[in-house]
> 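Here you go, one structure.
Residue numbers start from 1 in every chain, and the chains themselves are labelled A, B, ... in the order their sequence lines are given, proteins ahead of strands.
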Amino acid sequence: MFKAMLIKEFLLVSRDKHALAALFIMPAVFILIMSLALKDVFNEDKALVEYAVVDKDNSLESFSVIAKLRANKMMNEHNISEDFSTPKEEGVQFIVVIPKGFKSQFSQSDANSSALQIEVASDIGQSHLMLFKTQILSSVMQVRLDAINLSREMQSGIRGEEVEVKKIELDEKNMMKIHYAALDEDEKPTSTQQSVPSWIVFGLFFVIIPMSTIFISERKQNTLMRLSTMNVSLPVLFGGKIIPYMLINQLQVWVMIAVGMFVVPLFGAAPLTIGGDISALIAVSLALSLSAIGLSILIAVTVDSVEQATTIGGIINILLGAIGGVMVPKFVMPDFMKEFANVSPMSWGLEGFLDVFLRRGTLSDVMYEVVGLMLFGLVSLIVAAGIFNYKIRRVA
Amino acid sequence: MIKITNLLKRYDEKVALDHLTLEIKAGTIFGLLGPNGAGKTTLISILNGLTKYNEGEVTVFGLPLDENLEAIRKRCALIPQTLAFYENLTVIENLNFFGGIQNIEKGLLKKNIEYAVETNRLGSMLHQRASTLSGGQKRRLNIAIGLLNDPDILFFDEPTVGIDPESRNEILETILSFKEANKTVIYTSHYMPEIEKICDEVAIINAGKIIKQGSIESMLTNESANQLIIEIYETPLATLESFCSKMNALTVVDESSLMLEGKESETVARALALLEAENVAVKNIRYGTTTLESLFINLTSKGRTDV
């Protein structure tokens, strides 16, 4: 009896291709994507930090610090001009400006006047910044020690006596000034601001599951066919789906923002603040919603059952999230994965939200992402309409 | 009302409707019979504008279907075999939605909803979720939705599948009531007793062709064989079986009909004498096969093709 039960279950599972996809293909693809995305994090030979240096001092000391940084395998230097833009636009995570007079800190106790200025991309996490600061400190320290040793050797060689070493401040705060791109002086992005955009994007795409489930039930029960015989056109049919789900998506966005603003602080974390324009936030969330709904309808018209919609919708959502930088920040991904991330609409939505939450983005700043997301949504809807018409004709 | 001439429909290389010609008069309940894959659904889909056809001519209300689809659809309703409504909405929410989507004027819609509710006896369950209705009640809601535009033509695709006999009878009574309202009904079903009960006229379709069409009575009468049907007033089956055992040529068809093998006057006289002796009153004697079902099987079993 038990043997028969086992055989039956194995046969059923082995013939359910969507269950097999969820059990085997999804984890396999997920492992592949995550491994590639995190490839460089655990690879000592690969650079984790993308940075650029603008040297305004042009001194032996500044050259030495730059040379020490270059020698570090964890970091990859980019060349940029002196009139540089934001780290995001320059394609780096950090821009180090060595100010004129930098060399004086090697001889003065107060290094404040010649502190290094570090411009940080606002989506960079604290741990990543800490790593970079440690590398800078270490490089400056080494150069200082080299200078002290050289000076002592020279003086002892000439006079043959011990040299008194001047006390030099090694306070990190005095040695470097950190500034987050697009934020005020001394203003730091919070972990809430850095994480909420990811979860908003992810949450919006979960509309795939309820939407495709209802659509497939309507199709299976011939409700859609009945609506066709009632002269309901395809634009009305799709419009009747898009508008309610778009409103649901907007409600999701504001509920999640409200949680970030009012609930998260109750648990001791920093509250969410919206740095950018509200109009930009609305534009990104509407465009993101259109792309999520377009994809949902495309899935709904393509698959044949509610089970398939739930499985495939869930898989696509997770994979788009993994590719698009929702689960792993794009700045830790290797270059080819960063490029690949751009195929995911979640990546465009995430960049748009980061512009608003972290970079004080205006409507014009997010226009590129908004247009991309809307085009993705519209193309998905057009393809869905074609498939829907073909399937309706075939069934009838 | 509906005139179909030389209709051809192909799915790739397969011919679903093979130069089919058919006319359905206004105010009739028209049965469309055929085995699975005979072309019934394709024909209903074409008449509802869901499927394009390759050749032929279709007019509904005297209007060519292709050019007047929207106007024709406003006067027709398709009641699918599946329960094509929203289980998570209440009865009245479903009616309001399907009425609203058809842009029916508010006052008229209210009147039509009342008619649909009354005709289908849904008044006591208006605020009940559709998912909580019984099988028969769901079928009635399915029909009620089809009445919201007060259609002149109703297409029923096996509306009694999977429900109990009582609910089935209620639905058949409802459909019969449409005749009084001068509506035309095109009815497809596999239940021959249903067809016999409600339809004025029947077309049997097989392999995309109409192989027989006419009134049920004429169909059964014309199909003469060495058999007679004796129609009687309803008598309990046990009584009928008891006296039929006294005469080998006599068999029970149902509570109101017997079949007599042989049409010689001597045989007929013996059977009538037996019936008289048992106090069974005779309504009619006619030539023909036993039932529509046997005629259907006989006709469609020749050269059966799935399309």
> Look at the side chain of B:R73 and the backbone N and O of A:S228, then say whether any donor-acceptor pair between them is shorter than 3.5 Å.
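Indeed, once roles are kept as given, a pair shorter than 3.5 Å links the two residues.
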
> Hey, could you give me the CG/OG1 distance between B:N142 and A:T223, rounded to the nearest 0.5 Å?
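OG1 of A:T223 is found 8.5 Å from CG of B:N142.
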
> Any chance you could measure A:M225, atom CE, to B:T82, atom OG1, to the nearest 0.5 Å?
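It comes to 6.0 Å.
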
> So which part of B:I46 gets closer than 4.5 Å to some heavy atom of chain A, the side chain, the backbone, both or neither?
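Neither; nothing under 4.5 Å.
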
> Which residues pass the side chain to side chain donor-acceptor pair (under 3.5 Å) test with B:Q128, not counting sequence neighbours?
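Only B:T132 meet the side chain to side chain donor-acceptor pair (under 3.5 Å) criterion with B:Q128.
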
> Does a sphere of radius 6.0 Å around CD in B:E57 hold more than 12 heavy atoms from other residues, nucleotides or ligands, not counting ones at 6.0 Å or beyond?
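Counting neighbours around CD of B:E57, 12 or fewer heavy atoms of other residues, nucleotides or ligands fall under 6.0 Å, so no.
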
> Salt bridge (charged side-chain N to carboxylate O under 4.0 Å, His left out) with B:E87: which residues, sequence neighbours excluded?
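Expected list: B:K138.
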
> Using a cut-off of 6.0 Å, state whether more than 12 heavy atoms not belonging to B:E70 lie near its atom CD.
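Open: at most 12 neighbouring heavy atoms sit under 6.0 Å from CD of B:E70.
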
> Evaluate whether atom NZ of B:K179 has more than 12 neighbouring non-hydrogen atoms of other residues, nucleotides or ligands under 6.0 angstrom away.
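Atom NZ in B:K179 is crowded, with more than 12 foreign heavy atoms closer than 6.0 Å.
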
> Taking atom CD of B:E114 as the centre, does the number of heavy atoms from other residues, nucleotides or ligands within less than 6.0 Å exceed 12?
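Above 12, so yes.
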
> Counting only non-hydrogen atoms closer than 4.5 Å, can you tell me which residues of residues 229-242 of chain A sit against chain B?
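At a heavy-atom separation under 4.5 Å, chain B is reached by A:T229, A:M230, A:N231, A:V232.
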
> Name the member of A:R226, A:K220, A:Q221, A:E218 that forms the most heavy-atom pairs with chain B at distances under 4.5 Å.
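That would be A:R226.
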
> Is it the backbone or the side chain of A:I214 that comes under 4.5 Å from a heavy atom of chain B, or both, or neither?
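Neither part.
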
> Counting only heavy atoms not in A:M367, do more than 12 fall under 6.0 Å of its CE?
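Count over threshold, so yes.
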
> Side chain, backbone, both or neither: which part of B:I145 has an atom under 4.5 Å from a heavy atom of chain A?
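When you check distances to chain A, atoms from both the backbone and side chain of B:I145 fall under 4.5 Å.
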
> Can you list the residues of residues 94-110 of chain B that sit under 4.5 Å from chain A, counting heavy atoms only?
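B:F97, B:F98, B:I101, B:Q102 fall under the 4.5 Å cut-off.
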
